[in-house]
Structures are given as C-alpha cells and as structure tokens.
Amino acid sequence: EYGKITLLTRFGVDAIEEFFPPIIKAVRKNCHHVLWCCDPMHGNGRVVNGVKTRYVDDIQKEYELFESILQQHHCIPGGIHLEMTPQNVTECIKNNDSIIDFSNYQSACDPRLNQQQAFDLINTI
C-alpha cells in the first residue's frame, strides 16, 4: 500500500547518485511499495565564513537528481521537504553570491529558505 511506508532521502547533492540507486534496488527487490520523498535541506549543509548555511542551487540539484534517479528505476517521486520561513532571512544563499550578508541570519538551529527562495525553488522544480 503506497504511503504506508514513506522513505525520506537526505543524501546531499554530492552523495545521492552513489547511494540512492542501490537503496531503490533493495526496496524493489523485496517488493516493498514505498512513497519516496526528498529532504534536500539536511544533506546540503555548508559552513561559509564560519556560518552554517545551505546553497539554494544544491537543494534544487539534489531534488532534480532525486526525480531523475527515481524515473530511471521506474518509481514515482512522492514529495519534497523544505525548511522555510516567511521572514526575510538570509540563511540559505546562492552558490554564485559574491557578497554574502548574514546580517538577517535568525535561525538558532538550521538555515531556512526565505519565502522568496522557497517559491522560486518550487516554481523551478
């Protein structure tokens, strides 16, 4: 029964292509029907200028790889988990930002997408 077991991937953009396919094969070999969801936030943490952050481009790329890998294995992507806030924070950044201003960094734990970043990401994927 799809959805009874939900597997949430958290590989990071650098590891998903190596580690995700063998897991899909093992799940399919054992005839499990799972709902695959992607958490591209947690595996993509970086430290930039001493600040814990995430690159928006890495988040997007991991989700695109997640979808592509599932399609190659004839599986359907079931969803995405994003951490976001409606506040105008600067906790996640673009890979090509030449000037990084963390003055709007408010998270006490994990960097979140601001509202605009989240909507841009959702509209892109």
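Residue numbers run from 1 in the order of the sequence given.
Note that the OG1 atom of T9 and the OH atom of Y63 stand 9.5 Å from one another [nearest 0.5 Å]. Atom NZ of K61 is separated from atom CD1 of I125 by 13.5 Å, given to the nearest 0.5 angstrom. We find the CD1-CD1 distance between I80 and I122 to be 7.5 Å, quoted to the nearest 0.5 Å.
For D101 (side chain) and S103 (main-chain N/O), a donor-acceptor pair under 3.5 Å exists by modelled atom type.
In this structure the side chain of V48 reaches within 4.5 angstrom of the side chain of Y55, judged on heavy atoms. Taking the side chain as every heavy atom from C-beta outward, C38 and F11 never approach each other to under 4.5 Å. Under the 4.5 Å side-chain criterion, counting only non-hydrogen atoms from C-beta, R46 is not in contact with I93. You'll find the side chain of T53 reaches within 4.5 Å of the side chain of F102, heavy atoms only. K52 is listed as a side-chain neighbour of Y105, based on a closest heavy-atom distance under 4.5 Å. Taking the side chain as every heavy atom from C-beta outward, M41 and D110 never approach each other to under 4.5 Å. With a 4.5 Å cut-off on side-chain heavy atoms, Q117 and K94 do not count as touching. Side-chain contact check for D57 versus V13: every heavy-atom pair is 4.5 Å or farther apart.
Contacts classified as salt bridge (charged side-chain N to carboxylate O under 4.0 Å, His left out) and involving residues 78-89 (residues at least two apart or in different chains) are given here: R54-E83.
In this structure, F19 is a member of the same hydrophobic cluster as I16, with clusters built from ILVMFWY side-chain heavy atoms closer than 4.5 Å. Transitive grouping of hydrophobic side chains (ILVMFWY, heavy atoms separated by less than 4.5 Å) brings I5 and V27 into a common cluster. If you chain together hydrophobic residues whose side chains sit under 4.5 Å apart, L121 and F119 never meet in one group. L65 and L7 fall within a single hydrophobic cluster, where Ile, Leu, Val, Met, Phe, Trp and Tyr side chains are chained together by heavy-atom contacts under 4.5 Å. If you chain together hydrophobic residues whose side chains sit under 4.5 Å apart, F66 and I23 fall into the same group.
A side-chain donor-acceptor contact under 3.5 Å links N44 and E62.
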Check the pair H33 / K4 against side-chain contact (heavy atoms from CB on, under 4.5 Å), numbers first and verdict last.
-> CA-CA 8 Å; H33 300 283; K4 187 172 184 180; over 6 Å; no
Trace of the side-chain contact (heavy atoms from CB on, under 4.5 Å) decision for N114 with E91 = CA-CA 8 Å; N114 62 39; E91 297 173 359; over 6 Å; no
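Residues N95 and V56 share a closest heavy-atom pair of OD1-N, 4.3 Å. The minimum heavy-atom distance linking C92 with L113 is given by the pair SG-N, 3.8 Å. Here the closest non-hydrogen pair linking T124 and D120 is OG1-O, 2.7 Å. Taking every heavy atom of both residues into account, Q115 and M84 meet most closely at CA-CE, 3.9 Å.
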Exercise answer: donor-acceptor pairs, residues 69-77 side-chain atoms, under 3.5 Å, sequence neighbours excluded:
{"unit_1": "Q72", "atom_1": "NE2", "unit_2": "S68", "atom_2": "OG", "d": "3.2"}
{"unit_1": "H73", "atom_1": "ND1", "unit_2": "I69", "atom_2": "O", "d": "2.9"}

